[in-house]
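Report on the following structure.
Residue numbers begin at 1 in each chain, while the letters A, B, ... track the order of the sequences.
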Amino acid sequence: MILLCGIPSEPPLELVREALDRRGARYASFNQRRFASMSIELEIVNGQADGVLRMNGDSFPLREFSGVFNRMMDYRFLPELKDLPESSAERKLCRNLVDTLTKWSELSEGRVVNKVAPMTSNFSKPFQAQLIRKYGFEVPKTLITNDPELVREFRAKHKQVIYKSISGVRSIVQTLTDADLSRLENIRWCPTQFQAFVEGTNVRVHTIGKQLFATAISSEATDYRYAARQKGAPADLREVDLDDELSEMCLKLSEGLGLAFAGIDLKITPEHHVYCFEVNPSPAFSYYQSNTGQPIADAVAAYLAGE
Amino acid sequence: MHCDLSPLLSIIKAMWLILASQNDASALWAFHGLRDRGLQPLELIFAEMLPFSLRWEHRVDARESSITITLADGRIIRNSEVRGVLNRLTHVPLQHLSGNPDYDYASQEYSAFFMSWLSSFRGPVLNPASSQGLAGAWRHISEWVWLAAQAGLPTPKYRQTSADDIDEMVELRKLFPAGTPTVTTVVVQDRVLGQSLTPEIERSCLKLAELAQTPLLGIDFAMTAVGAPWQFAGATPLPDLMLGGQPLLDHLARSLSAANGKPNS
């Protein structure tokens, strides 16, 4: 039995559910928006985690879930809760439900895509970069500072420089322009991350278990995810093959970070240097699948089914 | 002939750091104890002063990471010159930004930045930063009790449900009722200090620290009845170091001086 967690209409979750249907796999849906009709009990005895999940009148022993696909959103922003006071009974129930389910999935011996603990490396990009480089990837020259003069020197040296958040918050990549220099003094109150721009082709690699899908992206935008906003035209995506060595590096990177499913952001330079910018632990793969037809959801479904 | 003195200079400049809150009595106690044991220069840096540093310069590339901090009191800390760190940072105090509309953003950015900084030391760091906590992973009690059982420690039954009347944002779950007598032991790398334990329990304590990847770990045991076996009651990467007494300081000093963080026995 596979457990699908989140809001069923969310594209990645919907695609995996359809893929499980095609396989005839058994699954149950933990629809976050229907939290009021659910309950969960977790027990840990002598190092064994078990319990029961009740949904819409059905009971599921937790030990029967051999796979979990977790796309749960922050419960505080659910439409059913967003206008309720912090102390409301509904908020408490939803919080406890999600929290208990998450605590169990962290201890589950099944295939959990993904456990929360390994996902946290993505919380700090330079922290993750220090892990990434151990797997043989180049990482862009990076400066984090609160000193505007160091930024000016960095830009003079590298010519084209981008800036982005250090954490996962407000994570839109922007080019540092002449106009930005006039407000550079603002960084004095909070260190800011700058990187030498790397010329080359963006490649998103999705790894799931031992499988891998690579997608090349063509765009004039600094951050291709926002190509329509930044350059007025959407990015062009196409399936590409990676050589065996690079494929192995990607698979080892995901495995090393403890991620069953990952979205690895690469840039391959004309000289064939491979830079890795970050590893996304909760990739919204539907964007890539819908543009290329790559069967990513089928691979996720197969992994969850134990193959 | 040119003689390269940089390796020698790097030894001369070597220093140790204690990173902690200014309210951390254990850190102050360790500062004096470690200094008396010859760890000098030893710099005590309070978390509260870090956000007011005059300059941060953190560089990361494919080969190395470096960081130079110029503190407001004039001290300059270069990671390359740090031989060992007693790291007890739990968060980045940003009270001076409270009320600012960008407070939450700044808080996330500082935490992410510190995580990277604390990961770029070359010498022993007790405890190393984790993506789940600046001084080692903060684990939920459900995870601790599970890990403790994997390590071979006697553990109580743990139960959590969606109907529980608890808000963990304001109250932590516990394995035993408040008031249950407990004793605490402290693991420092390969030694267990602070309590006399059976060899079996001692091995399990070391195993728990290893499984948790937390080389400096406080482990609580509950004594539920006279003569009853102790049971695992909780663990923390920020133990009260004073519970380990002078032997803990001796071993901590050796650990922070060792090239790989593991003292010769």
Side-chain angles (χ1 to χ4, degrees), chain A residues 35 38-49 51 87 92-101 103-104 106-107 117-131 133 137-147 150 165-170 189-193 196 275, chain B residues 51 53-65 67 70 94 96-97 100 102 104-120 129-132 137 139-140 142-143 145-152 155-169:
Chain A
F35 62 87
M38 297 192 274
S39 67
I40 186 170
E41 295 165 18
L42 165 65
E43 282 191 354
I44 303 170
V45 181
N46 295 327
Q48 296 294 315
S87 59
K92 192 172 90 175
L93 170 62
C94 190
R95 183 183 64 227
N96 282 347
L97 189 68
V98 170
D99 183 58
T100 307
L101 181 63
K103 295 295 183 290
W104 164 73
E106 289 298 279
L107 308 177
M119 291 172 72
T120 53
S121 75
N122 190 238
F123 169 70
S124 169
K125 294 188 181 79
F127 172 83
Q128 196 186 54
Q130 294 183 63
L131 300 175
R133 69 184 181 197
F137 293 93
E138 299 278 341
V139 297
K141 290 190 183 302
T142 301
L143 168 68
I144 302 172
T145 187
N146 60 351
D147 185 341
L150 286 179
S165 64
I166 306 169
S167 68
V169 181
R170 299 186 196 172
W189 70 273
C190 185
T192 303
Q193 177 171 234
Y275 284 81
Chain B
S53 299
L54 298 177
R55 190 163 97 157
W56 289 96
E57 180 182 355
H58 183 23
R59 295 179 191 268
V60 179
D61 64 25
R63 274 151 290 282
E64 62 178 359
S65 310
I67 192 156
T70 306
L94 294 175
H96 63 291
L97 296 178
N100 187 306
D102 284 326
D104 286 342
Y105 174 71
S107 179
Q108 298 278 329
E109 289 291 281
Y110 263 107
S111 294
F113 176 43
F114 274 38
M115 194 184 292
S116 182
W117 163 45
L118 295 169
S119 301
S120 56
S130 150
S131 58
Q132 296 171 271
R139 299 174 192 277
H140 189 259
S142 59
E143 191 178 358
V145 76
W146 184 84
L147 276 175
Q150 312 305 316
T155 54
K157 177 178 169 182
Y158 176 82
R159 183 176 162 81
Q160 175 176 344
T161 82
S162 50
D164 292 347
D165 186 20
I166 186 170
D167 180 354
E168 293 196 69
M169 297 298 285

Closest non-hydrogen contact found for Asn96(A) with Asp164(B) is ND2-O, 2.8 Å
Please look at Ser53(B) and chain A and tell me whether the side chain, the backbone, both or neither of the residue comes under 4.5 angstrom of a heavy atom of that chain.
-> backbone
Which of the residues Asn46(A), Thr192(A), Leu101(A), Leu107(A) is involved in the greatest number of heavy-atom pairs with chain B at under 4.5 angstrom?
-> Leu107(A)
Minimum heavy-atom distance between Arg95(A) and Ile166(B), given as atom pair plus value | NH2-O, 3.7 Å
Is chain B contacted by the side chain of Asp99(A), its backbone, both, or neither, given a heavy-atom distance below 4.5 Å?
-> both
How many angstroms lie between NE2 in His140(B) and NZ in Lys103(A), if you round to the nearest 0.5 Å?
-> 4.5 Å
Trp189(A) portion near chain B, given a 4.5 angstrom heavy-atom threshold = both
Engaged part of Leu150(A) at the chain B interface, taking heavy atoms whose separation is under 4.5 Å = side chain
Once you round to the nearest 0.5 Å, how far does CD1 of Ile166(A) lie from OG of Ser116(B)?
-> 8.5 Å
How close do Gly47(A) and Trp146(B) get, heavy atom to heavy atom, and via which atoms?
-> O-NE1, 3.0 Å
Compute whether any side-chain donor of one residue and acceptor of the other, for Glu109(B) and Ser167(A), lie under 3.5 angstrom apart.
-> yes
Are the side chain of Arg59(B) and the backbone N or O of Lys141(A) linked by a donor-acceptor pair below 3.5 Å?
-> no
Exercise: identify the closest heavy-atom pair between Ala112(B) and Ser124(A) = O-OG, 2.6 Å
Under 4.5 Å from a heavy atom of chain A, the part of Leu97(B) involved = side chain
How long is the gap from CG on Asp61(B) to OG1 on Thr142(A), to the nearest 0.5 Å?
-> 8.0 Å
Between His96(B), Gln108(B), Arg63(B), which shows the greatest number of heavy-atom pairs under 4.5 Å with chain A?
-> Gln108(B)
Tell me, for Glu143(B) versus chain A, whether the close heavy atoms (under 4.5 Å) come from the side chain, the backbone, both or neither.
-> both
Which region of Arg139(B), side chain (C-beta onward) or backbone (N, CA, C, O), has a non-hydrogen atom less than 4.5 Å from a non-hydrogen atom of chain A, or is it both or neither?
-> neither
Can you tell me if Ser65(B) and Gln130(A) form a side-chain donor-acceptor pair at under 3.5 Å?
-> yes
When heavy-atom pairs shorter than 4.5 Å are enumerated against chain A, which of Phe114(B), Trp117(B), Tyr110(B) gives the highest number?
-> Tyr110(B)
Steps toward side-chain contact (heavy atoms from CB on, under 4.5 Å) verdict (Phe113(B), Cys190(A)) = CA-CA 10 Å; Phe113(B) 176 43; Cys190(A) 185; over 6 Å; no
What part of Glu41(A) lies closer than 4.5 angstrom to a heavy atom of chain B: side chain, backbone, both or neither?
-> both
Which heavy atom in Ser142(B) sits nearest to a heavy atom in Ile44(A), and how many Å separate them?
-> O-CD1, 3.4 Å
Part of Pro156(B) within contact of chain A (heavy atom distance under 4.5 Å) = backbone
Counterpart residues, side chain to side chain donor-acceptor pair (under 3.5 Å), relative to Thr120(A) (two or more places apart) = Ser131(B)
Nearest 0.5 Å please: distance from the CD atom of Glu64(B) over to the CZ atom of Arg133(A).
-> 8.0 Å
Any side-chain heavy atom of Ser162(B) sitting closer than 4.5 Å to one from Phe35(A)?
-> no
Pro126(A), part contacting chain B, at a heavy-atom distance under 4.5 Å | both
Nearest heavy-atom approach of Thr145(A) to Glu57(B) is OG1-CA, 4.4 Å
Heavy-atom pair count under 4.5 Å with chain B, highest-scoring of Leu143(A), Val45(A), Leu93(A) = Leu143(A)
Take Arg159(B) and Leu42(A) through the test side-chain contact (heavy atoms from CB on, under 4.5 Å) and record every step on the way to the result.
-> CA-CA 6 Å; Arg159(B) 183 176 162 81; Leu42(A) 165 65; over 6 Å; no
May I ask you to test the Asp165(B)-Lys92(A) pair for a side-chain heavy-atom distance under 4.5 Å?
-> yes
Measure distances from Asp104(B) to the heavy atoms of chain A and classify the residue's part below 4.5 Å as side chain, backbone, both or neither.
-> neither
Among Arg55(B), Gln150(B), Gln132(B), Lys157(B), who wins on heavy-atom pairs under 4.5 Å with chain A?
-> Arg55(B)
